[in-house]
Amino acid sequence: MTAATSSLIEELRARGLIAQMTSEEELNAHLSEGPRVLYCGFDPTADSLHLGHLVPLLVLKRCQDAGHHPIALVGGATGLIGDPSFKAAERQLNTPDVVAGWADKIRGQVSQFIKFEGVDNPARVVNNLEWIGSMNVLDFLRDVGKHFSVNNMINKESVQQRLQREGAGISFTEFSYALLQGLDFAELNRRYGCTLQVGGSDQWGNIVGGIDLSRRQNQAQAFGLTVPLVTKADGTKFGKTESGAVWLDPAKTSPYSFYQFWLNTADADVYKFLRYFTFLPVADIEAIEAADAAAEGRPQAQSILAREATLMVHGPEGLAAAERITDAMFSGSLQDLGESDLAQLAQDGLPSSELPADFAEKPLTTLLADAGMVKAAREAKDALTRNAVLINGEARGMADNMEAARCFAPTAALYGRYFLVKLGKKKNHLFVLSAQ
RNA sequence: GCAGGGGUUCCCGAGUGGCCAAAGGGAUCAGACUGUAAAUCUGACGCGAAAGCUUCGGUGGUUCGAAUCCACCCCCCUGCACCA
């Protein structure tokens with residue numbers, strides 16, 4: 001965690017974190033010679049970062065731990081344009097005030113992961129709106145545009161599918177995106193001596209553009225490094241659940257859901273993800289893998305990954321909350337839960353809701369669907385048909401469907417008002433009888 | 001603009017007058033097996049507890065009856081032409 005003793009590049013490679021880089025030998029030497037300044041950009045395309053952003057963000061942290069100065073760039077300007085790289089269709093523009101609001105949130109999130117004080121190599125957060133926002137068109141065209149060849153740009157793989165695709169096309173606006181990202185690099189190079197840009201592998205073309213511009217404008221040598229796109233062994237998209245993306249914002253994805261996401265990682269992916277998403281030494285991860293391979297039954301890797309990742313993103317309290325719910329839902333028994341425990345579970349982020357006043361007249365299927373336990377009442381029906389719905393531990397079936405009054409009778413409630421409903425193996429919801 | 005092909009339930013894709021809420025595959029959800037895995041098997045899969053209700057680009061029409069036939073309109077693809 002101090003100065004770069006064993007090569008940073010070696011470490012990243014051992015973790016499988018390098019997709020592409022410019023001139024390995026030179027970059028390795030460059031990073032070994034002393035503290036360097038590097039950056040990675042995050043465009044505000046939503047009000048939170050998600051798991052896909054985490055890998056490059058953690059690479060920034062890994063670099064800081066190795067003694068370098070990271071800069072997290074929030075794309076307040078580029079977010080207004082939209083990156084066309086490897087996208088199938090033109091994006092819809094968001095309004096400036098919306099993007100500005102998102103940029104603020106992203107700035108806060110990014111800041112959790114890197115240190116700004118108390119270290120010799122403090123990090124920095126910048127917003128490219130600062131220099132792009134005030135730039136005038138003629139300066140842009142003369143100072144930046146002149147250095148980019150349209151011939152090269154249209155040959156880039158990242159825009160090919162947009163150029164070839166019938167009926168899609170690409171607007172001049174999005175086509176210009178690469179120039180903005182290029183000028184960011186050149187600008188950071190001038191301002192802070194930034195010499196390395198890190199990004200996802202889809203950013204390679206943009207990064208190379210920035211390196212070229214830095215050389216042409218500043219006569220400076222700069223480097224690029226990309227991290228691989230996170231993939232899963234079964235070919236499905238990483239970072240998605242039934243309910244959508246896994247966000248870093250606890251208000252959008254609760255620490256409990258976040259923890260559960262990692263806990264459900266497939267064996268085929270878990271050791272790779274430990275390398276990507278934790279700071280455990282590679283040797284330790286190899287030891288975990290060996291121990292799991294030798295042991296019968298359930299591997300320990302998933303719970304280690306879930307614990308490490310949740311701790312890193314949501315802190316000790318978030319992890320504690322996630323573990324409380326997990327223990328209560330998957331190992332403990334209802335009898336072990338005290339009244340305050342139940343209240344705590346709801347606070348910790350266990351999905352919960354109040355029973356509507358007229359619940360007695362509604363079918364169970366409707367109540368469960370309205371509470372968000374299932375996407376359509378039909379799924380609740382299916383579960384009921386298989387006796388896969390437990391209300392306070394008691395199995396319910398279709399025969400009980402019109403018996404909500406009996407199923408949720410106050411006398412059956414825990415502490416007079418709580419009902420823990422389990423649907424299938426993984427879906428839990430706390431229903432609360434409204435007080436009166 | 002002309003000629004030809006096409007728009008089907010989340011996606012792909014059958015269906016060309018009743019047996020169609022619509023084959024098959026994928027995705028998804030649930031069950032069994034397990035480890036809150038994977039693989040496999042089973043069930044569900046427009047909405048609804050049910051009665052029943054609403055779908056096959058849009059609008060109108062023919063018919064006892066249409067996703068299927070007719071008319072017009074919208075959109076996409078493929079050639080050709082026009083424009084260069």
Side-chain angles (χ1 to χ4, degrees), chain A residues 88-90 164-169 231-246 254 256-274 288-289 291-307 309-310 322-333 345 350-351 356 358-391 395-408 420-429:
Chain A
E90 183 87 7
Q164 286 168 358
R165 192 179 175 120
E166 202 76 40
T231 55
K232 293 203 294 178
D234 65 4
T236 57
K237 206 167 173 188
F238 168 78
K240 293 273 187 187
T241 64
E242 315 76 61
S243 37
V246 177
S254 72
Y256 165 65
S257 306
F258 188 86
Y259 181 90
Q260 285 287 322
F261 171 82
W262 293 111
L263 203 58
N264 281 296
T265 303
D267 294 1
D269 295 316
V270 69
Y271 306 100
K272 175 166 87 171
F273 291 178
L274 279 168
I288 293 167
E289 184 164 9
D292 282 345
E296 289 285 312
R298 184 176 198 161
Q300 55 175 333
Q302 278 86 349
S303 49
I304 294 172
L305 174 61
R307 201 158 55 233
T310 309
E323 288 184 323
R324 271 198 298 275
I325 300 177
T326 298
D327 287 347
M329 295 306 112
F330 294 98
S331 43
S333 82
L345 291 181
L350 179 70
D358 59 346
F359 75 88
E361 294 139 39
K362 298 193 172 179
L364 254 32
T365 48
T366 305
L367 292 170
L368 300 191
D370 288 352
M373 289 193 79
V374 286
K375 280 194 221 102
R378 211 212 77 245
E379 287 183 8
K381 175 183 163 187
D382 186 47
L384 282 169
T385 306
R386 291 152 183 281
N387 289 315
V389 175
L390 300 186
I391 300 179
R396 296 297 184 176
M398 271 311 273
D400 301 300
N401 194 33
M402 299 311 290
E403 302 289 341
R406 204 157 47 73
C407 294
F408 291 110
L420 217 35
V421 177
K422 189 178 192 88
L423 190 158
K425 270 181 230 172
K426 299 185 187 176
K427 294 178 177 174
N428 293 285
H429 192 98

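Numbers restart at 1 for each chain; the letters A, B, ... are given by sequence-line order, proteins then strands.
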Under-3.5 Å N/O pairs linking protein and nucleotides 36-39 of chain B:
residue, atom, partner, partner atom, Å
rU36(B), OP1, Arg298(A), NH1, 2.8
rU36(B), O2', Asn264(A), OD1, 3.1
rU36(B), O2', Lys426(A), NZ, 3.4
rU36(B), O2, Gln260(A), OE1, 3.1
rU36(B), N3, Gln260(A), OE1, 2.8
rU36(B), N3, Gln260(A), NE2, 3.3
rU36(B), O4, Gln260(A), NE2, 3.1
rA37(B), OP1, Lys426(A), NZ, 2.9
rA37(B), N3, Asp267(A), OD2, 3.3

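- Ring geometry, Phe238(A) versus Phe261(A): the interplanar angle exceeds 60°, so the pair is classed perpendicular (tilted spans 30 to 60°).
- Among all heavy-atom pairs drawn from Ala395(A) and Leu390(A), the shortest one is CA-CD2, 3.5 Å.
- Put simply, CE on Met398(A) is 16 Å from C1' on rG31(B), counting in whole angstrom units.
- Using a 4.0 Å heavy-atom cutoff across all strands shown, Ala233(A) reaches no nucleic acid atom at all.
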Could you write out each protein N or O paired with an N or O of nucleotides 40-44 of chain B at a distance under 3.5 Å?
residue, atom, partner, partner atom, Å
rG43(B), O2', Arg386(A), NH2, 3.3
rG43(B), N2, Asp382(A), OD2, 2.8
rG43(B), N3, Arg386(A), NH2, 3.4
rA44(B), O2', Arg378(A), NE, 3.1
rA44(B), O2', Arg378(A), NH2, 3.4

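- The CG-C1' distance, from Leu364(A) to rA50(B), rounds to 15 Å in whole Å.
- rU40(B) and rG6(B) have their C1' atoms separated by 39 Å, given to the nearest Å.
- Between rG52(B) and rG5(B), the distance separating the two C1' atoms is 40 Å to the nearest Å.
- Between the NZ atom of Lys375(A) and the C1' atom of rG48(B) there is a distance of 18 Å, rounded to whole Å.
- Between the NZ atom of Lys362(A) and the P atom of rG48(B) there is a distance of 13 Å, given to the nearest Å.
- Across the protein-nucleic acid pair, Leu423(A) atom CG and rG31(B) atom P stand 8 Å apart, rounded to whole Å.
- Residue Lys381(A) is classed as a sugar-phosphate contact, given heavy-atom separations below 4.0 Å to backbone atoms only.
- The CG atom of Leu384(A) sits 13 Å away from the C1' atom of rC29(B) (whole-angstrom rounding).
- Following rounding to the nearest Å, Asn428(A) (CG) and rC29(B) (P) show an atom-to-atom distance of 15 Å.
- If you take atom P in rU59(B) and the same atom in rG13(B), they sit 24 Å apart, rounded to whole Å.
- A salt bridge between Asp382(A) and Arg378(A) is absent, with no side-chain N of the basic residue lying under 4.0 Å from a carboxylate O of the acidic one.
- Residue Phe330(A) holds its CZ atom at 5.0 Å from NZ of Lys422(A), rounded to the nearest 0.5 Å.
- Atom CG in Leu390(A) sits roughly 13 Å away from atom P in rA30(B) (whole-Å rounding).
- Judged by closest nucleotide on RNA chain B, Val374(A) is the one of Thr366(A) and Val374(A) placed further toward the 5' end.
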May I have the list of side-chain donor-acceptor pairs in residues 363-373 of chain A shorter than 3.5 Å, sequence neighbours left out?
none

